[in-house]
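What follows is a single structure, written as structure tokens, with notes after it.
In what follows, every chain begins at residue 1, and chains take the letters A, B, ... in the order their sequences are listed. FYI, side chains are in, hydrogens and waters are out, and symmetry mates aren't considered; it's all heavy atoms of this structure.
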Amino acid sequence: MTAQLAVFFVLGALAVIGAISLILQRHPIHSALSLIVVMVALAGLYLLMGAELVAAVQIIVYGGAIMVLFVFVIMLLNAGVEEHTSISKLAGAPGLLLVVALAGFIAASIARSTGTVQAAVQTGALAPTKDISNMLFREFVYPFELTSFLILVAILGATVLAQREKS
Amino acid sequence: MVPTNYYVILSAILFGLGVFAFIFKRNIITIFMSIELMLNAVNLAFVAFSQAHGKLDGQVFVLFVIVVAAAEAAVGLGIIILIARNRQTLNVERVDLLKL
């Protein structure tokens with residue numbers, strides 16, 4: 001009971017610290033490493049909620065594939081420390097205002113909802129991976145096939161965009 | 001059990017930080033990373049509600065979101081390489097061809 005809460009707070013704090021570090025770091029590679037911390041912490045939270053498949057996919061696809069792509073592009077383009085002009089320093093004020101407004105809106109929505117929602121199922125009460133597979137290949141089979149088409153288009157698009165122009 | 005509210009609040013905090021990073025950062029790669037952060041925050045809310053209602057639809061949605069994010073990252077990073085090649089900069093303020 002309290003152990004789960006403690007794990008939640010540790011992982012949640014790790015995720016928030018990673019996100020703040022993403023904002024504060026000036027060098028893109030440091031931001032990328034901070035984002036990896038956030039993703040690993042979120043994978044831990046998914047495990048805590050009993051979503052093993054999502055946790056594994058989060059680590060493999062997000063922490064592995066996507067972040068490797070990011071780091072690879074940062075190295076390829078030799079990205080340096082970002083420069084802030086006077087306009088970009090000015091952008092912080094309305095940005096902060098917008099974020100506070102957004103957070104207030106979300107907090108109000110949560111406060112208006114029916115109190116504390118307790119989880120309906122005990123962790124591990126359902127066998128998620130098997131059930132998810134059943135849903136994915138029965139109810140969601142058309143979206144599933146559509147995503148394969150989407151990935152094909154993305155591969156073609158990325159190849160066309162990144163290829164060197166013939167001169 | 002951890003109350004679902006906690007997960008939703010954490011998700012909101014992460015989403016807010018993602019929005020702030022999106023507005024404040026000037027490096028186009030970091031801006032792209034903040035979009036990924038926002039997608040992650042939404043995924044957390046999806047899984048939390050999936051657990052709260054005892055249904056797995058939310059987790060299936062998360063898988064779809066991850067697939068779309070991967071496709072988006074591939075195409076987006078291709079565009080970033082193109083911008084860096086044509087403009088010799090990664091600062092979004094220097095990419096102002098459409099500005100009057």
Side-chain angles (χ1 to χ4, degrees), chain A residues 4-5 8 12 15-16 19-20 22-23 28 31-32 35 38-39 42 45-46 49 51 54 57 61-62 65-66 69-70 73-74 77 79 82-85 87-88 91-92 95-96 98-99 102-103 106 110 116-121 128 131-132 135-136 140 143 147 150-151 154 157-158 161-162, chain B residues 1-10 12-27 29-30 32-34 36-37 40 43-44 47-48 50-54 56-57 59-60 62-64 66-75 77-82 84 90-91 93:
Chain A
Q4 283 189 341
L5 217 56
F8 169 80
V16 172
I20 292 172
L22 187 149
I23 297 173
S31 295
L35 191 55
V38 177
M39 283 163 177
L42 284 181
L45 286 175
Y46 294 151
M49 282 188 274
V54 177
V57 169
V61 177
Y62 257 129
I66 295 182
L69 209 60
F70 270 102
V73 168
I74 290 169
L77 299 180
E82 70 175 340
E83 37 184 327
H84 274 233
T85 57
I87 305 169
S88 56
L96 203 60
L98 180 69
V99 170
L102 187 72
I106 294 172
I110 294 170
T116 307
V117 183
Q118 275 295 339
V121 268
D131 294 341
I132 286 177
M135 286 178 77
L136 204 55
F140 291 94
T147 50
L150 176 81
I151 289 181
L161 282 173
Chain B
M1 295 297 290
V2 183
T4 307
N5 284 19
Y6 289 14
Y7 287 111
V8 180
I9 290 166
L10 177 65
I13 292 170
L14 287 178
F15 191 87
L17 287 171
V19 171
F20 185 69
F22 183 82
I23 293 169
F24 188 62
K25 299 302 271 188
R26 282 293 165 268
N27 189 308
I29 299 175
T30 321
F32 209 60
M33 277 191 261
S34 60
E36 299 290 332
L37 180 60
N40 267 293
N43 281 353
L44 183 65
V47 176
S50 157
Q51 188 214 22
H53 293 280
L56 289 172
D57 298 57
Q59 294 189 25
V60 177
V62 167
L63 293 180
F64 283 125
I66 289 175
V67 170
V68 173
E72 174 231 345
V75 176
L77 289 169
I79 293 173
I80 288 174
I81 289 174
L82 211 60
L90 288 172
N91 191 333
E93 278 169 18

Calculate, to the nearest 0.5 Å, the distance between atoms CG and CG belonging to Leu35(A) and Asn40(B) respectively. 6.5 Å
Could you tell me which portion of Tyr7(B) (side chain, backbone, both or neither) has an atom closer than 4.5 angstrom to a non-hydrogen atom of chain A? both
Leu96(A) and Phe24(B), any side-chain heavy atoms less than 4.5 Å apart: no
Do Ile23(A) and Ser34(B) have side chains that approach each other closer than 4.5 Å (heavy atoms only, starting at C-beta)? no
So do the side chains of Leu14(B) and Leu42(A) get within less than 4.5 Å of each other, counting heavy atoms only? yes
For Phe8(A), is the CZ atom crowded, meaning more than 12 foreign heavy atoms sit under 6.0 Å from it? yes
Relative to chain B, which segment of Phe140(A) carries a heavy atom at a distance below 4.5 Å: side chain, backbone, both, or neither? both
Pairs of heavy atoms under 4.5 Å with chain A: top-ranked of Asn43(B), Val68(B), Leu82(B): Asn43(B)
Could you walk me through whether Met49(A) and Leu44(B) pass the side-chain contact (heavy atoms from CB on, under 4.5 Å) test, one step at a time? CA-CA 10 Å; Met49(A) 282 188 274; Leu44(B) 183 65; 3.8 Å; yes
On a heavy-atom basis, which atom in Leu5(A) and which in Pro3(B) lie closest, and how many Å separate them? CD1-CD, 4.1 Å
Taking the side chain as every heavy atom from C-beta outward, state whether Tyr62(A) and Glu36(B) have any atom pair closer than 4.5 Å. yes
Would you call Phe20(B) and Leu98(A) a side-chain contact if the rule is heavy atoms closer than 4.5 Å? no
Find out whether Leu136(A) and Phe64(B) are in side-chain contact, i.e. whether some heavy atom of one side chain is under 4.5 Å from a heavy atom of the other. yes
Which atoms of Val62(B) are under 4.5 Å from chain A, going by heavy atoms: the side chain, the backbone, both sets, or neither? side chain
Contacting moiety of Phe70(A), where chain B heavy atoms sit under 4.5 Å: both
Ala71(B) to Leu150(A) - nearest heavy-atom pair and separation: CB-CD2, 4.2 Å
Which atoms of Val61(A) approach chain B - backbone, side chain, both or neither, heavy atom under 4.5 Å: side chain
Any side-chain heavy atom of Ile74(A) within less than 4.5 Å of one from Met33(B)? yes
Ala158(A), Pro28(A), Ala65(A): which one forms the most heavy-atom pairs within less than 4.5 Å of chain B? Pro28(A)
Top contributor to chain B interface from Leu22(A), Ile106(A), Leu69(A) [non-hydrogen pairs under 4.5 Å]: Leu69(A)
Quick one: do Leu161(A) and Val75(B) satisfy side-chain contact (heavy atoms from CB on, under 4.5 Å)? Show the steps, please. CA-CA 8 Å; Leu161(A) 282 173; Val75(B) 176; 4.0 Å; yes
Need one label for Leu10(B): side chain, backbone, both or neither, based on atoms under 4.5 Å from any heavy atom in chain A. side chain
Counting heavy-atom pairs closer than 4.5 Å to chain A, which one of Leu90(B), Leu37(B), Ile80(B) comes out on top? Leu37(B)
Once rounded to the nearest 0.5 Å, what's the spacing between atom OG1 of Thr147(A) and atom CG of Leu63(B)? 10.0 Å
Value rounded to 0.5 Å, distance of CD1 in Ile29(B) from OG in Ser31(A): 10.0 Å
Out of Val47(B), Thr30(B), Val67(B), return the one with the most heavy atom pairs under 4.5 angstrom to chain A. Val47(B)
